[in-house]
> 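Quick one: the structure is below, and I'll ask about it shortly.
Computed over heavy atoms, backbone and side chain alike; hydrogens, waters and symmetry mates excluded. Since the structure is predicted, the reported quantities are computational estimates derived from the model, not experimental observations.
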Amino acid sequence: MPHTMPSPATSPTGAPQVTAAEISRIAGVTRATVSNWRRRHEDFPTPAGGTESSPLYDLEAVQSWLQGRGQASAATPAEELRTTLRLHAPGSGIAARLVPLVLAAGRTGGDPTHLSGLQDREVLAWAERSAEQLDSAVPTTGPAHYAPDDAPAVKALVACVRESGARAALDVLAERELDESAATGTYQTPAELAALMARLLPPGTARVLDPACGSGTLLAAAACQGATEVYGQDSVPVQALRTAVSLLLDDAAHVTVKAGDSLRADAFPDLTADAVLCNPPFGDRDWGHDELSYDPRWAYGVPPRFESELAWVQHALSHVEPGGYVVMLLPPAPASRTAGRRIRLELVRSGALRAVVALPARAAMPLHIGLQVWVMQRPEPGGPDRGPVLFVDTDGESEGTPRHTGAADARTATVPGRRAPVDWDRLTEQVLTLWASFTHAPSDFTGEPGIARAVPVVDLLDDQVDLTPARLVRATPTNVDPVAYAEHVDEKLTLLASYAAELAAAPAREPWPPAGETARAWRAATVADLDRGGALTLVRAKPLTARESKSGHEQSAAPSDRPVLTAPDISWASPPSGGTEDLVAQPPVTVQEGDVLVRGLASDRAQGVRVRVADAQDAGALLGHLVHLLRPDPARLDPWFLAGFLGAEDNQAAASTGSTLVHVNPGRLRVPLLPLDEQRRYGEAFRRVHALRTAARHTARLAEEAADLLSRGLTGGILAPPPSPAADRIT
């Protein structure tokens, strides 16, 4: 489910307020147009709140002003619905009252297109009739009553369902309700991850429970895999309501969803499902430790106060029949934290734990953590002893076996400190293939060195019972193919030698002469001046707004198969590595060869490369946030000349603000005014400087990687020392 954001702005009297950016979306114009209206029209509404730099305006006053000018709204139906909801005061419950109507408006044959021509009382009558006819699976709090002021919102809802789809309307309503709730950290399980988790269940799984269902992504994935009965519960009422409506829209399974805290007030105490899929809350210290100390669900040990995840694990196991499966998404801490050792020991010793899969970072929120998928199976009384436990580490490059990519340019390497977008097709195929091979014959599973290993139970029952996949998978370097490893080392050393040769040759070229007896001085112009004069086109970096970072709604329109060039790519001289989540410009800006790219934000003034010229490898990528783009007119500006002076330390310092976080204002950067021929001379010199810097960076990085590979190979028995030199060559 999406992360919550602050409640909509309101004045002290409760009247809704909007920013200039929101006015631009309501009116379907640019922000520059709104700024012009403010300056040129004396009757434009005066700010009703906010600050001088970020004023807020009364929404109703803005709407009246727009209507008075005949400015028809060009906002999307979803934005129209969002705006209409803001006319209702916080705490009005309007969103919760409308959620059930999405089902009535979105089901086949239920599109009430005639509502637009009805009187308000007729619209409200339709709403009440629809609410009365809802399925028993929708967890409503009682008969819905709609006030006269609700009619515009009902119409806006129907229009949104008709034009943008039922789920778009559902997301808007849930967003509003979550804004007003006490929920502080709710995230949506990515559809790709939900599909992977559902496919880990055996074929024919019919009844599936999610006791922390959120927006229903996991239950929807289970239904897609053939589940015929799905059950859900969530402590946030609007999320339970949202899940029920979303699942009922598909009519794919029998749906039952309840609102409530699953640990404290289990809505399905007698349910025994075939499987449980769950992405429970992480790090919850108020999960009910004290009142649940003697709960019969704790068959593997009483969960410590700070181990809420292990409480959810046992709750899930208590709800499946013997032999039934549980697949849960968990943070990495429960696999190794000392407090949970006893419960982990019992899970392993009883045979309940079948597999732990470490996912790469960015696979799901929170993006900076590599989450884990635990696969468990409730032991059958008198059943066969469980075999080994499968551990899979998909988080980045293996330290045991190289993944051959050939002697490609080092620029294709992963950016240090930067995670590439998750390749879900590859990841899903890899995990499912390993899981299928393991479940077919656990005792005969040979694994994949550095990636997957089946560990005998006895090897896990030590003092720590550490279930971290990386530690267990990488503990077997002897399984690595020494020949393949040696070939990979040779490739790495060959690439290192090529960069080292380029680096060594750089100082040997012709000398760099002095400019004269004194330093040269020249007239300069700012980038803003050059932009106004047409010598270049400036596309300023745009930071993520709260709504964009929360919903990702606008970014979804970007091509998903195009890489995005980001600020870390500039810093590390790497190819575009971002995904659509790094986009904010609409429409997306395509990078062209010869564009000059300027990093817009850094953690300090000395971190990495500041500016680079886009080459053929960058061309076609999309511009990410926090990157300024300057497109020079080749008849007036040389791109390398421009990049060289823009990246100068004193130039950047003069155009930057901040200390811990440094923001670069590209319009204030200065460029000397020189003839084009002389620009090209400087440009060629700057190109050589860039090549020197790049070669130095890659040489240093490759040297570290090669040294690590050699050391690991020697200590792991994979490599042998090279032949000793001849005795007569030893001095």
> Hey, are R242 and D171 close enough for a salt bridge, meaning a charged N less than 4.0 Å from a carboxylate O?
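Yes, this pair counts.
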
> What's the spacing between Q239 CD and S215 OG if we round to 0.5 Å?
6.0 Å

> State the CZ-CZ distance between F438 and F391, to the nearest 0.5 angstrom.
9.0 Å

> Determine yes or no for a side-chain-to-main-chain donor-acceptor pair under 3.5 angstrom, with T205 supplying the side chain and P202 the backbone.
yes

> Rounded to the nearest 0.5 Å, how far apart are CG of L247 and OH of Y231?
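The OH atom of Y231 is 13.0 Å from CG of L247, to the nearest 0.5 Å.
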
> Does D618 reach the side chain of P576, with side-chain heavy atoms less than 4.5 Å apart?
yes

> Within this structure, what is the CG-CG distance for the pair L330 and L359, rounded to the nearest 0.5 Å?
10.5 Å

> Who passes side-chain hydrogen bond (donor to acceptor under 3.5 Å, both in side chains) against E307, sequence neighbours left out?
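So E307 forms a side-chain hydrogen bond (donor to acceptor under 3.5 Å, both in side chains) with R337.
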
> For the backbone of G216 and the side chain of T243, can you confirm whether one donor and one acceptor N or O come within less than 3.5 Å of each other?
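Checking the backbone N and O of G216 against the side chain of T243, a donor-acceptor pair under 3.5 Å is found.
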
> Enumerate the salt bridge (charged side-chain N to carboxylate O under 4.0 Å, His left out) contacts for residues 207-222, please, sequence neighbours excluded, ordered by first and then second residue.
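Qualifying pairs, neighbours excluded: R207-D274, R207-E321.
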
> Compare all side-chain heavy atoms of T428 with those of E192 and state whether any distance is below 4.5 angstrom.
no

> If the condition is side-chain contact (heavy atoms from CB on, under 4.5 Å), which residues does A195 pass it with, not counting sequence neighbours?
none

> Would you say the side-chain atoms of T394 pair up with the backbone N or O of A358, donor to acceptor, closer than 3.5 Å?
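Flag set: sc T394 to bb A358 pair under 3.5 Å.
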
> Of all the heavy-atom pairs spanning D234 and A212, show the shortest one and how long it is.
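In this case the closest contact between D234 and A212 is OD2-C, 3.6 Å.
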
> Please name all residues satisfying side-chain hydrogen bond (donor to acceptor under 3.5 Å, both in side chains) with E429, sequence neighbours left out, ordered by chain then number.
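Applying side-chain hydrogen bond (donor to acceptor under 3.5 Å, both in side chains) to E429 gives none.
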
> Are I718 and P482 side-chain neighbours, meaning at least one heavy-atom pair lies under 4.5 Å?
yes

> Counting distance only, does the side-chain N/O of R297 pair as donor-acceptor with the main-chain N or O of S318 below 3.5 Å?
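Side chain of R297 to backbone of S318, a donor-acceptor pair under 3.5 Å: no, none is there.
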
> How far apart are the closest heavy atoms of P379 and P322, and which atoms are they?
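Here P379 and P322 meet closest at O-CB, 3.9 Å.
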
> Taking the side chain as everything from C-beta on, heavy atoms only, tell me whether L432 gets closer than 4.5 Å to L196.
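Answer yes - side chains close enough.
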
> So, for D462 and V465, which heavy atoms are closest and what is the spacing to 0.1 Å?
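For D462 versus V465, the nearest heavy atoms are OD1-N, 2.7 Å.
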
> Between L193 and M197, does a side chain to side chain contact (heavy atoms under 4.5 Å, CB included) hold up when you go through it step by step?
CA-CA 6 Å; L193 176 55; M197 293 173 64; 4.1 Å; yes

> Quick one: side-chain hydrogen bond (donor to acceptor under 3.5 Å, both in side chains) partners of Q225, sequence neighbours excluded?
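Expected list: none.
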
> So, using side-chain hydrogen bond (donor to acceptor under 3.5 Å, both in side chains) as the criterion, who are the partners of W374 when residues are at least two apart?
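Checked W374 against side-chain hydrogen bond (donor to acceptor under 3.5 Å, both in side chains); matches are Q372.
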
> Donor-acceptor pair, Q233 side chain versus G260 backbone, under 3.5 Å?
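Pair found, side chain donor or acceptor close to backbone of G260.
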
> If you define the side chain from C-beta out and look only at heavy atoms, does anything of S350 sit under 4.5 Å from Y300?
yes

> Hey, is the main chain of P280 close enough, under 3.5 Å, to the side chain of E309 for a donor-acceptor pair?
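Side chain of E309 to backbone of P280, a donor-acceptor pair under 3.5 Å: no, none is there.
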
> Taking side chain as C-beta onward, heavy atoms only, is Y325 less than 4.5 Å from V320?
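Contact flag for Y325/V320 side chains = no.
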
> Quick one: are H319 and L271 in side-chain contact, heavy atoms under 4.5 Å?
yes

> For a quick test of reading the model, state the closest non-hydrogen atom pair linking A614 to V591 and the distance between them.
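Smallest interatomic distance, heavy atoms only, reads CB-CG1, 3.6 Å.
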
> Does the side chain to side chain contact (heavy atoms under 4.5 Å, CB included) test come out yes or no for F268 and T256, once each step is laid out?
CA-CA 10 Å; F268 304 101; T256 305; 3.8 Å; yes

> Does W435 reach the side chain of R199, with side-chain heavy atoms less than 4.5 Å apart?
no

> What's the shortest heavy-atom distance between V392 and P469, and which atoms?
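The answer is O-CB, 3.5 Å.
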
> Roughly how far, to the nearest 0.5 Å, is the CE atom of M328 from the CG atom of L317?
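The CG atom of L317 sits 8.5 Å away from the CE atom of M328.
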
> Which distance, rounded to the nearest 0.5 Å, do you find between the CG of L472 and the CG of L467?
7.0 Å

> Donor-acceptor check, side chain of Q377 to backbone of G323, threshold 3.5 angstrom: yes or no?
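Yes.
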
> If you take all heavy atoms of I369 and P332, which pair is closest and at what distance?
CG2-CD, 3.4 Å

> Step by step, would you call L170 with V99 a side chain to side chain contact (heavy atoms under 4.5 Å, CB included)?
CA-CA 7 Å; L170 199 57; V99 170; 3.7 Å; yes

> If you apply the rule side chain to side chain contact (heavy atoms under 4.5 Å, CB included), what do you find for V276 with H315, and how did you get there?
CA-CA 10 Å; V276 169; H315 173 79; over 6 Å; no

